[in-house]
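What follows is one structure encoded as structure tokens, with my remarks underneath.
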Amino acid sequence: MRISAAVTATVTTTVIALFAAASPAVTVVGAQGADAHHAAAASRPDLIVFITVDQMRPDYLTRFLPQLTGGLGRLYRGGAVFTNAFQDHAITETAPGHSETMSGRFPVHNGIAMNSAGVNDTTVTLVNAPGPGASPARFRGTTLTDWIRAADPDSRSLSVSRKDRGAILPIGRSRSPVFWYATNGTFTTSTYYATSLPEWLDAYNATHRPASFTGMTWNLLLPAADYPEPDSVPIENGGKDFVFPHVISSDTARALAALASYPWMDQLTLEAALAGVRAMKLGAGPHTDLLAISLSATDYIGHTYGPDSREQHDQILRLDRALGAFMDSLYAIHGNQNIVFALTADHAVAPYPSQHVVDPNAGATYVDVGPRVAEVRASLQALGVQKNAFAFSDGVVMIDRAALAAAHVDADSLVLAFRDTILKVPGVRRADRIRDLVHADTVHDDVARRWLHMFDSDSVYALVVTLTPYSYWGRAGGSAEHGSPYDYDAHVPMIFYGAPFKPGKYAERARVVDMAPTLARVVGVTPLEKIDGRTLTAAVR
Ligand SMILES: [Zn+2]
């Protein structure tokens with residue numbers, strides 16, 4: 001145990017040293033200095049830093065607030081905090097969540113409805129790294145990056161994430177510097193953007209920082225008595241390795257592939273972003289530059305151990321510390337205080353159906369409709385219809401109307417018959433056609449509204465299926481999950497921090513699509529197209 005604690009301490013020191021290394025002459029500015037300057041400055045920001053935490057529930061901020069002494073605590077205490085903010089769409093997954101952050105448009109308008117049809121693109125490859133090709137080919141329209149660049153072509157942007165979709169979608173279609181982590185331990189991009197990496201990223205990759213975590217131990221940051229959660233909870237991590245300390249593989253290749261599930265991944269993502277900020281001189285003025293960062297460790301750890309685990313508590317504390325060091329470093333790099341931070345999440349998460357700690361999730365169950373789907377596909381195949389003419393994923397029935405018509409199968413009758421069947425499955429609450437939902441009361445029926453923010457026609461997406469609250473798709477024994485249209489998955493943190501914003505807690509209802517127009521307002525640019533969000537004027541000075 002003593003050895004583990006020492007290892008942890010060394011890692012933290014190394015990271016902070018690395019953050020400060022490039023500007024030895026500049027003193028790191030603390031929270032108070034930065035805040036004082038915020039009050040004085042009122043000019044256009046030199047840098048917007050848009051941080052998306054993957055799978056972050058807003059109650060982590062309040063649950064752990066007394067222990068949040070780093071960046072999360074600083075943003076929460078000193079920022080404009082929207083406490084009723086939502087990813088107001090039904091399929092609360094990473095790709096649709098990130099598609100809204102800087103576009104101001106719902107998936108129905110930006111084209112990114114689900115992870116499985118997100119950034120995956122077999123026509124491109126990664127640069128000097130293994131892994132699936134990824135691009136914004138399905139993304140439609142523009143983002144804050146394009147709006148700023150239309151007003152000032154010399155504005156630069158940079159996006160860095162663990163995940164391809166977390167890096168790509170906030171930026172949209174522009175061929176900006178967009179980088180994500182590949183499991184060989186390097187940050188890379190795809191041939192959609194470039195055929196080689198910039199010198200600064202090659203240099204960062206050459207430090208082999210990810211490999212330095214091989215064999216490391218993840219121990220608690222604080223004394224065990226500071227964590228009210230039980231540590232030994234066998235439902236976590238599929239029943240294996242669910243008690244601290246957690247030791248990453250001592251085999252380098254395995255450790256590099258597993259790093260995403262350890263808090264260190266967020267530190268590495270922030271380090272790579274900071275290397276880019278220095279090399280590109282982002283925020284040095286006189287332009288407004290943009291830095292998008294998506295931090296994924298919270299998602300992996302949340303899936304593995306659940307939102308009520310001691311592991312997730314510790315991850316949030318470590319994220320808080322890493323963000324604090326990162327903010328200090330940004331302020332120090334150019335000696336520049338004119339930075340705006342925005343923070344949200346792509347989605348939140350539900351507890352395991354069998355675990356009842358914080359959420360009112362009694363009655364939650366697992367729902368497996370696989371056999372019902374297989375029956376339909378088998379009957380269609382018997383009629384000579386290719387089996388993909390009827391598919392089910394993420395709660396959505398997708399049909400190929402042309403293929404069904406060619407086999408003289410009436411698509412609408414097929415869909416309605418499947419609806420009757422699936423509504424009898426325990427745990428299924430409703431199954432709607434988009435053509436019926438357009439008549440729903442979208443003010444009071446959150447579920448209907450959120451589905452309509454995904455799809456506007458049922459020509460392909462024939463039926464959308466909603467489970468009872470807190471229930472999971474699939475079978476028992478898997479990871480903790482998100483993806484439903486309910487508030488526990490849709491309610492996310494939303495914070496704006498910096499001179500243009502009035503600090504305080506705002507209880508008005510806000511949506512993540514409101515963030516891009518709000519940031520556009522403080523930069524003094526206008527969206528290039530019709531958007532779904534509105535400016536949150538109450539928080540803007
Ligand atoms: Zn996830």
Side-chain angles (χ1 to χ4, degrees), residues 51-60 86-101 107 112-120 131-132 134 161-170 180-181 183 235-238 257-263 265-266 269 292-309 311-313 315-316 318-319 343-353 355 359 361 364 366-367 393-396 450 454 467 470-493 512:
I51 299 164
T52 307
V53 181
D54 199 332
Q55 199 195 104
M56 183 162 180
R57 294 169 55 125
D59 67 343
Y60 295 156
F86 296 89
Q87 286 278 7
D88 202 27
H89 59 249
I91 303 178
T92 43
E93 293 178 348
T94 296
H98 281 85
S99 76
E100 288 186 14
T101 53
I112 305 296
M114 52 185 81
N115 279 348
S116 55
V119 296
N120 41 321
S161 174
R162 153 67 182 91
K163 292 185 184 174
D164 50 11
R165 48 199 177 274
I168 291 169
L169 292 169
W180 58 93
Y181 179 83
T183 50
I235 194 172
E236 295 172 6
N237 199 16
L259 255 178
S261 302
Y262 292 80
M265 192 68 238
D266 288 344
T269 307
I293 300 175
S294 174
L295 298 167
S296 305
T298 307
D299 183 65
Y300 288 92
I301 290 165
H303 281 302
T304 307
Y305 303 100
D308 302 311
S309 61
E311 283 81 0
Q312 190 64 294
H313 182 164
Q315 156 59 14
I316 296 298
R318 289 174 180 278
L319 170 63
L343 181 140
T344 190
D346 54 349
H347 52 74
V349 64
Y352 296 100
Q355 201 182 23
D359 293 75
N361 66 331
Y366 289 89
V367 182
S393 172
D394 304 271
V396 182
R450 287 173 179 165
M454 309 298 315
L467 302 181
Y470 289 104
S471 289
Y472 277 21
W473 290 109
R475 301 197 191 123
S479 54
E481 287 300 335
H482 53 84
S484 84
Y486 294 111
D487 281 359
Y488 54 81
D489 280 339
H491 190 191
V492 290
V512 170

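First listed ligand is number 1; within each ligand, the first listed atom is number 1. Bear in mind the structure is a predicted one, so any value in this text is a computation, not a measurement.
The side chain to side chain contact (heavy atoms under 4.5 Å, CB included) check on S484 picks up Y486, Y488, D489, with sequence neighbours excluded. In this structure, the side chain to side chain contact (heavy atoms under 4.5 Å, CB included) partners of A345, at least two apart in sequence or on a different chain, are M56, V492, P493. Residues forming a side chain to side chain contact (heavy atoms under 4.5 Å, CB included) with A113 (at least two apart in sequence, or on another chain): M454, F455.
In the model, D346 has a side-chain atom that pairs as donor or acceptor with a side-chain atom of T94 under 3.5 Å. A donor-acceptor contact under 3.5 angstrom links the side chains of D54 and H347, judged on distance only.
Here the CG atom belonging to D299 is positioned 10.5 Å from the CD atom belonging to E93, to the nearest 0.5 angstrom.
The number of protein N, O or S atoms lying under 2.8 Å from the Zn ion (ligand 1) is 4.
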